[in-house]
Amino acid sequence: MSSDPQNSRLPVLAVVVPCYNESQALPHTLPVLLEILNSLHQLQLASEHSYILCVDDGSKDDTWQVIEKFHAINPRVKGIALAHNRGHQYALLAGLMTVRGHCEAAVTIDADLQDDPNAIIEMMHKFREGKEIIYGVRSSRQSDTAFKRNTAHAFYSFQKAMGLETVYDHADYRLMSNRAIDLLSEYGESNMFLRGIVPLIGLENDIVTYERKQRVAGVSKYPLTKMLSFSIDGITSFSAQPMRWIFITGLVIFLLTILVGLYVLVSHFFIHHTSPGWTSLMLSIWGLGSLILMAIGIVGEYIGKIFTEVKNRPRFAVKDKLWD
């Protein structure tokens, strides 16, 4: 650390960047983030010892070689390489656990820079005011397609209905104090959904809004299938509502069955009109069959989560590390 007393009081900021096949984006991203760190130091918001940690999530391209090249030029660019691809949430967790105790605050931001990095400056202002978790929240979704915009809003609404404490229009762009990271480390589940876990920490928090941009390079790593899988993981990791809905649906069907049974008995004994209809029979078979399969599938999701948790395997393994 510098011997300058004023500089020694400035907090060290770590910028955690999860990377999967981002060799095209990083040459654009890292200079921008380094410039942000320089600006923060000039504004007396962060120490000159602040740094960037790139987390290579088992990339199949030259991502790690790009990180090594930048680290050789500027040791403020650090890196860890996971032994194999674990997914975005685990890469974020690995980065946060690595910088834990080596910074006063950490910002997580994706390598594509769709999340405006200039918002980090406002986050640090709020951090210096005493906020310990600051969420980056999109000010609008005008840059999205109508389909993505509507499905995203439906997803957030569904999460709220399921009882999840998520921040609307917030992804994983956030600042966390070292104390918040310490508390996060106490959450030991294997099924990671940070957007649901971080709000449970409960420290002083705030939001910063920003306009989302186009990718600086490369292609999106979150197609519709991955987004759907991510949504299911988030809901089943934090809410038992779907199973409760199964019970309620079954109860409603049971009550309808009683009414249908009364109708059949009355028809048999008084109206003598008991000929079964092909349409009603087929609708009953297919309707009940699909409900049963859906119920088994939902219960299976929870059993799969239990299966993963009880094995208690390590959530990630670090293969290589660049840390001077």
Side-chain angles (χ1 to χ4, degrees), residues 10-57 59 61-81 88 91-100 102-128 134-138 170-178 181 208-218 220-221 321-324:
L10 295 177
V12 173
L13 174 67
V15 180
V16 177
V17 185
C19 309
Y20 179 67
N21 294 344
E22 296 289 4
S23 60
Q24 296 179 39
L26 286 177
H28 302 276
T29 300
L30 293 176
V32 171
L33 293 177
L34 285 169
E35 187 58 37
I36 293 290
L37 292 183
N38 290 334
S39 297
L40 288 170
H41 178 57
Q42 292 170 6
L43 293 168
Q44 294 292 293
L45 291 172
S47 167
E48 63 179 341
H49 301 285
S50 299
Y51 58 92
I52 300 166
L53 176 70
C54 298
V55 183
D56 181 13
D57 185 23
S59 298
D61 64 359
D62 296 329
T63 294
W64 185 244
Q65 287 72 28
V66 174
I67 297 169
E68 286 181 318
K69 185 184 299 183
F70 271 90
H71 176 72
I73 298 171
N74 190 337
R76 296 175 74 189
V77 177
K78 306 179 188 300
I80 59 171
H88 184 261
L92 284 175
L93 183 69
L96 289 170
M97 293 304 103
T98 300
V99 304
R100 178 189 174 200
H102 299 285
C103 64
E104 276 69 54
V107 168
T108 53
I109 185 171
D110 289 345
D112 56 22
L113 288 192
Q114 286 188 280
D115 300 319
D116 185 3
N118 290 299
I120 296 174
I121 297 174
E122 189 176 350
M123 288 180 178
M124 284 302 294
H125 275 292
K126 291 182 179 293
F127 173 71
R128 298 299 299 273
I134 299 101
Y135 301 100
V137 176
R138 297 179 61 171
H170 162 70
D172 286 296
Y173 185 25
R174 67 179 74 86
L175 179 148
M176 299 178 68
S177 69
N178 192 61
I181 299 172
V208 167
T209 59
Y210 65 94
E211 286 286 342
R212 192 166 170 84
K213 303 176 181 179
Q214 297 297 319
R215 286 183 62 94
V216 293
S220 173
K221 310 302 186 300
K321 192 172 185 178
L322 297 171
W323 191 282
D324 292 340

Please report the interatomic distance CD1(I67) to NZ(K78), rounded to the nearest 0.5 Å. 13.5 Å
Here the gap from D172 atom CG to L92 atom CG, rounded to the nearest 0.5 Å, amounts to 5.0 Å
Got a second to check how far L322's CG is from H71's NE2, nearest 0.5 Å? 5.0 Å
To the closest 0.5 Å, what do you measure between OG (S177) and CD (E104)? 10.0 Å
Taken in chain and number order and not counting sequence neighbours, the residues that satisfy side chain to side chain contact (heavy atoms under 4.5 Å, CB included) with A106 are A14, L96, V99, C103, I181
Stepwise, does the side-chain contact (heavy atoms from CB on, under 4.5 Å) test hold for C54 with L30? CA-CA 9 Å; C54 298; L30 293 176; 3.7 Å; yes
Just verifying a value: how many Å separate L40 CG and E35 CD, rounded to the nearest 0.5 Å? 10.0 Å
By salt bridge (charged side-chain N to carboxylate O under 4.0 Å, His left out) - contacts of D116 (at least two apart): K213
Should R128 and L10 count as side-chain neighbours, where that means a heavy-atom distance under 4.5 Å? yes
Under the ring-ring contact (aromatic ring centres under 6.0 Å, His included) test, residues paired with Y51 that sit two or more places apart: W323
Do side-chain atoms of T29 reach the backbone of A111 as a donor and acceptor pair under 3.5 angstrom? yes
For R100, give me all partners under salt bridge (charged side-chain N to carboxylate O under 4.0 Å, His left out), at least two apart in sequence or on another chain. D182
Please enumerate all residues that pass ring-ring contact (aromatic ring centres under 6.0 Å, His included) together with Y135, with sequence neighbours excluded. H170
Sequence neighbours left out, what passes side chain to side chain contact (heavy atoms under 4.5 Å, CB included) with A119? Give chain and number order. Y173, V208, Y210
Only residue of L175, I109, V77, I36 satisfying side chain to side chain contact (heavy atoms under 4.5 Å, CB included) with V15 is I109
Can you tell me if T108 uses its side chain to pair, donor with acceptor, with the backbone of V16 under 3.5 Å? no
With sequence neighbours left out, the residues meeting side chain to side chain donor-acceptor pair (under 3.5 Å) with S23 are D61
Taking side chain to side chain contact (heavy atoms under 4.5 Å, CB included) as the criterion, tell me which of I120, L37, I121 meets it with L45. I121
Between CD1 on residue I134 and CE on residue M124, distance to nearest 0.5 Å: 8.5 Å
Counting distance only, does the side-chain N/O of S50 pair as donor-acceptor with the main-chain N or O of L13 below 3.5 Å? yes
D110 side chain to D112 backbone, donor-acceptor under 3.5 Å: no
What residues, two or more places apart in sequence or in another chain, satisfy side chain to side chain contact (heavy atoms under 4.5 Å, CB included) together with N74? L34, R76
Would you please name every residue forming a side chain to side chain donor-acceptor pair (under 3.5 Å) with E68, sequence neighbours left out? W64
